[in-house]
Amino acid sequence: MSERYNAANVEPRWQKVWAEGDVYRADDNSEKPKFYALEMFPYPSGRIHMGHVRNYAMGDVVARYKKAQGFEVLHPMGWDSFGMPAENAAIEIGGHPKDWTYGNIKAMKEPLNRLGFALDWSREFATSDEAYYKQQQNVFLKFWDNDLVYRKTAKVNWDPVDNTVLANEQVIDGKGWRSGAVVEQRDMDQWFFKITHYAEELLEGLETLDRWPEKVKTMQANWIGKSEGLEMRFKWVDGDKVIGDKIYTGTEVFTTRPDTLYGASFIALSPDHPITKVLAKENSEVESFRVDCAKIGTTEEAIATAPKLGFDTGLQVKHPFTGHPLPVWIANFVLMGYGTGAIFGCPAHDQRDLDFARKYDLDVTPVVLPDGEDAANYAIGTEAYTGEGTLFNSEFLNGSNKTDGITTAISKIEEMDLGKGVTNYRLRDWGVSRQRYWGCPIPVIHCGDCGVVPVPEADLPVALPYDINFDKPGNPLDRHPTFKDVDCPTCGKAARRETDTLDTFADSSWYFARFAGGNTDDAPFDKKIASDWLPVDQYVGGIEHAVLHLLYSRFFTRGLRDCGLLDLPSGEPFAGLFTQGMVTHAVFTDADGNFVMPADVDDKDGKLIHLETGKTITKGDVIKMSKSKKNVVDPNDIIEGYGADVARWFVLSDSPPERDVEWTEAGVIGAWRFANKVWALVSETPKMNPMSVATDAKDDALELRRFAHKAMAKITSGIESFRFNTSVAQIYELTNALKKYQANDDAKAEALGMLIRAIAPFMPHLSEECWAHLGGEGLCYHAPWPAVDENLLVEDSVTLPLQVNGKRRGEITVPTDISKEDAEKLALADPAVIRTIDGLTVRKVIVVPGRIINIVAS
RNA sequence: GCGGGCGUGGUGGAAUUGGUAGACACGCAAGACUUAAAAUCUUGUUCCUGUAUAGGAGUGCCGGUUCAAUUCCGGCCGCCCGCACCA
């Protein structure tokens, strides 16, 4: 008699058993080999979403699988709980960011636990816990002591109506999201982490990360952007100049293409270049040009996509080789943060320069001739040529290729004492100042006499005051009655406390070390314990973090190492990384353009209508689920309707983990049916030992064993290589084979025991229930991973496809160890082959042992 | 704009990484069971050639390398991620 699988009854029961047995607690002192499994911890938005379910289900598969393989597994969870949404909520709906945040944590923990993840909650913390940010401040001061922190001015988005700093995402089409005012750029004193100190190490370290996706390493390498180039001076045509209070002999530019120097037709300064700034003071036209540029925005994207804008300063420099004058422009696409903040424009061989030159009618002189082009007729149209070629129109460089031309040009400039070859990085230092309340206070004090003074360690934490309000825009810390007023720790005079808080990326740059090293109060973490667990063996998270979070963490672990807080010579926090794809869903909008939740949309004969209003709904792009677009599906509905195992199984089946998965209702039902199928199979079976090994099996029983071991081998390799969908397919096949098998013998017990243990990482509740039903010893969670008998994987015969001229015409079944000669003879004797090659001459027979036979005939 | 990735039946996807394209699943169709429905089971299901144990086409599009290309190379198209103050 089979009964329906009742997830609502079964799942809480096992969750209670696991909790009471405290089975997921990791032992720091275990003798077993250690395995640290970690998923990117969530921001407590208040609801879990399908992306969380997918992310944590993947990590859970790894954690449970490694446990079954005999590892001591650390699999912790916590909360990335500082950030803007809490402040936005306080502004929009009232309340306090702290209450909102901790309420959300409470609300999210329950459904997370309902999913049955093998998490060690004893190590839980939130980054907004005073105990955590106290240590965050401690780390900041240690970084300061080790010269990894400094202060400089940098630009921010300034909303002139709200008088507040805006995040990039709060600037929409150049306007403040609330006020609608045109956003300006404003210089502010800000704190920076010196990530560029490790630029080379961060780049070289990528080569050691053999369990990271290539694409992530490529993106990081490009982000660091190491380039060899030339930093050189273009001298003014009319001698040294006093600009402002400094004497300039010319202007310094950086270039990676000194081979194209003869193609230079102008010099372009950044709108933020020191010379530009001085000129702006003297000339209101320059100033208004700078103001225009400042409206574009601070992101590289905005600058790169904005129409090219230029201003001719009237200044001229001398070409170092020809002596010809070149005009000096100010151009909106030149970044102050990269190189020297000035370039020479070579329009023929750089697209941005070309766009600029065409707009302002500047010379375009090609100096690189592509292979096969004729020097006399070669001209540049609207596309710059950036490829390889032979230099021409370039006097002493003529005839060189790109690489040689670069070397020669650099030595020539060095000889002329106008510059030198340099290594440049695109990577900029990490600005961490945020003019916001809900973050970790930066532990420094500004004293009129002593300057910037760190808060003494004994005075930590600098706690966030609770009595704040969001009546007005801006940072409440800045207008708090007492927070700012402190005595200088050095001289004791009245001083001002720093009111900026740290970028929340700092919080998530070392949380994994605190998970491992404990909630210590005198140090960020226990050095020895944290160093024993680190690096994280398997990190799982979204591809959207490919650069920033992962790079910042790699910086932090190096900083912690060099401050003596962590024993991690490589500096690499994550030995293995997997970036999963996103959960996507179509966006629905009504006629007025309002977003509509999928749950409120009904499909009536192919027409989409709103459930309540009956209005027509339009299906839009399939994109990442996000609250703002309302294209979200609540996992709680799935868990309540079908159970946690079904939700987990669904997000892991079918789609390859690295790819985006589109949420569909139909897939859930399939997962639900499978769970029932497994339960039906097990509940109809009498008690039998799931740890059986049927070594005496013959005939059908032997066939089942072979099948089970082959499937098990593929299930295992699927998990090892993060292709859970292929493991799932093999589990389906094993289940189908077991359903067809009638006898209740040792072979069935073995295969069924394998099946139950194989599904355990995916559907832990169901597997415990099955394990208990069969009479398995202890918990399935503690059962070892099934061992595959290699001898059972070996086939004695193999079916080879027969191709004629690359087209399949038949197949033959031959012994696995057949010789090439015999295989060829059999292939040529095959009736289908004979029919196809009739009238043709066999030119060649290619035999790939165990794979294919291809006959080439004409 | 720049950097990175993805594209295979009606749908999600598989293909031991250059060797039988479409495993497995969803959906659909037919049948069995049932008073009936649900559930379950069986069979079929890339497209075209009116018949198929035969032939042809086919992995976004165009071209190339190879005995052999979903896989490698070049060029396009479409979509997604990131671009330093969203997390």
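Note that the structure is predicted; figures quoted are calculated from it, not measured. So you know, we letter chains A, B, ... as the sequences are listed, proteins then strands, and number each from 1.
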Chemist: To the nearest Å, how far apart are A:Tyr338 OH and B:A84 C1'?
Modeler: 15 Å

Chemist: Does B:C67 have OP1 or OP2 under 4.0 Å away from a side-chain N or O of A:Asn805?
Modeler: no

Chemist: To the nearest 0.5 Å, tell me how far A:Leu209 CG sits from A:Leu577 CG.
Modeler: 8.5 Å

Chemist: Please check the phosphate of B:G56 (OP1 and OP2 only) for any side-chain N or O of A:Arg809 closer than 4.0 Å.
Modeler: yes

Chemist: Establish, with yes or no, whether the OP1 or OP2 oxygen of B:G82 is under 4.0 angstrom from a side-chain nitrogen or oxygen of A:Lys215.
Modeler: no

Chemist: What nucleic acid atoms does A:Thr305 come within less than 4.0 Å of, heavy atoms only: base, sugar-phosphate, or nothing?
Modeler: base

Chemist: Whole angstrom is fine here: how far is it from CH2 in A:Trp649 over to C1' in B:C24?
Modeler: 11 Å

Chemist: For the pair made of CD in A:Glu300 and C1' in B:C81, what is the distance, rounded to whole Å?
Modeler: 16 Å

Chemist: Could you give the CD1-to-C1' distance, from A:Ile224 to B:A84, as a whole number of Å?
Modeler: 13 Å

Chemist: Of all the choices, B:A25, B:A87, B:U20, which nucleotide is nearest to the side chain of A:Pro801 once you look at every atom?
Modeler: B:U20

Chemist: With syn defined as a glycosidic angle within 90° of 0 and anti as everything else, classify B:U35.
Modeler: anti

Chemist: Rounded to whole angstroms, how far apart are CD1 on A:Ile296 and C1' on B:G1?
Modeler: 13 Å

Chemist: Please classify the nucleic acid contact of A:Glu301 as base, sugar-phosphate, or nothing, using heavy-atom distances under 4.0 Å.
Modeler: base

Chemist: Within the structure shown, what part of the strands sits under 4.0 Å from A:Arg659 by heavy-atom distance: base, sugar-phosphate, or nothing?
Modeler: sugar-phosphate

Chemist: For A:Thr299 and B:C83, is the shortest distance between a side-chain N/O and OP1 or OP2 below 4.0 Å?
Modeler: no

Chemist: Across the strands shown, which category fits A:Val848 at heavy-atom distances under 4.0 angstrom: base, sugar-phosphate, nothing?
Modeler: base

Chemist: What contact category does A:His549 fall into here, base, sugar-phosphate, or nothing, at under 4.0 angstrom with non-hydrogen atoms?
Modeler: nothing

Chemist: A:Asn168 near the nucleic acid: base, sugar-phosphate alone, or nothing, with a heavy-atom cut-off under 4.0 Å?
Modeler: sugar-phosphate

Chemist: Heavy atoms only, 4.0 Å cut-off, all strands: where does A:Ser433 land among base, sugar-phosphate and nothing?
Modeler: base

Chemist: Please give me every residue in residues 723-730 of chain A whose heavy atoms get under 4.0 Å of an atom in RNA chain B, ordered by residue number.
Modeler: A:Arg723, A:Asn725, A:Thr726, A:Ala729

Chemist: Looking at A:Asn222, I'd like to know whether one of its side-chain N or O atoms comes within less than 4.0 Å of OP1 or OP2 on B:G82.
Modeler: no

Chemist: If you round to the nearest 0.5 Å, how far is CD1 of A:Ile731 from OG1 of A:Thr726?
Modeler: 9.5 Å

Chemist: How many whole angstroms separate atom CD of A:Gln580 from atom P of B:G5?
Modeler: 18 Å

Chemist: What nucleotide, of B:A84, B:G4, B:C67, holds the atom closest to the side chain of A:Met219?
Modeler: B:G4

Chemist: Using the C1' atom as the reference point in each nucleotide, state the distance between B:A54 and B:U17 in Å, no decimals.
Modeler: 33 Å

Chemist: Scan A:Lys739 against the nucleic acid and name what it touches under 4.0 Å (heavy atoms): base, sugar-phosphate only, or nothing.
Modeler: sugar-phosphate

Chemist: Of the nucleotides B:A84, B:G19, B:A23, which one has an atom closest to the side chain of A:Ile852?
Modeler: B:G19

Chemist: To the nearest Å, how far apart are A:Asp353 CG and B:G1 C1'?
Modeler: 14 Å

Chemist: Does B:G78 pair with anything, Watson-Crick or G-U wobble, both distances under 3.5 Å, and if so, with which nucleotide?
Modeler: B:C6

Chemist: Is A:Val216 touching bases, backbone alone, or none of the nucleic acid, heavy atoms closer than 4.0 Å?
Modeler: nothing

Chemist: Expressed as a whole number of angstroms, how long is the span from A:Arg673:CZ to B:A25:P?
Modeler: 12 Å

Chemist: How would you label the contact of A:Lys807 with the nucleic acid (heavy atoms, under 4.0 Å): base, sugar-phosphate, or nothing?
Modeler: sugar-phosphate

Chemist: If the C1' atom of B:A15 is compared with that of B:A68, how far apart are they to the nearest Å?
Modeler: 15 Å

Chemist: If only side-chain N and O atoms of A:Arg851 are considered, is one of them under 4.0 Å from the OP1 or OP2 phosphate oxygen of B:A68?
Modeler: no

Chemist: Does A:Thr218 make a side-chain N or O approach to OP1 or OP2 of B:G4 shorter than 4.0 Å?
Modeler: no

Chemist: Give a yes or no on whether A:Lys714 atom NZ has more than 12 heavy-atom contacts from other residues, nucleotides or ligands under 6.0 Å away.
Modeler: no

Chemist: Looking for any heavy atom pair under 4.0 Å, which part of the strands does A:Val432 touch: base, sugar-phosphate only, or nothing?
Modeler: nothing

Chemist: Using the ring of A:Tyr425 (Phe, Tyr or Trp, six-membered ring only), decide whether A:Lys226 places NZ or CZ under 6.0 Å from its centre and within 45 degrees of its axis.
Modeler: no

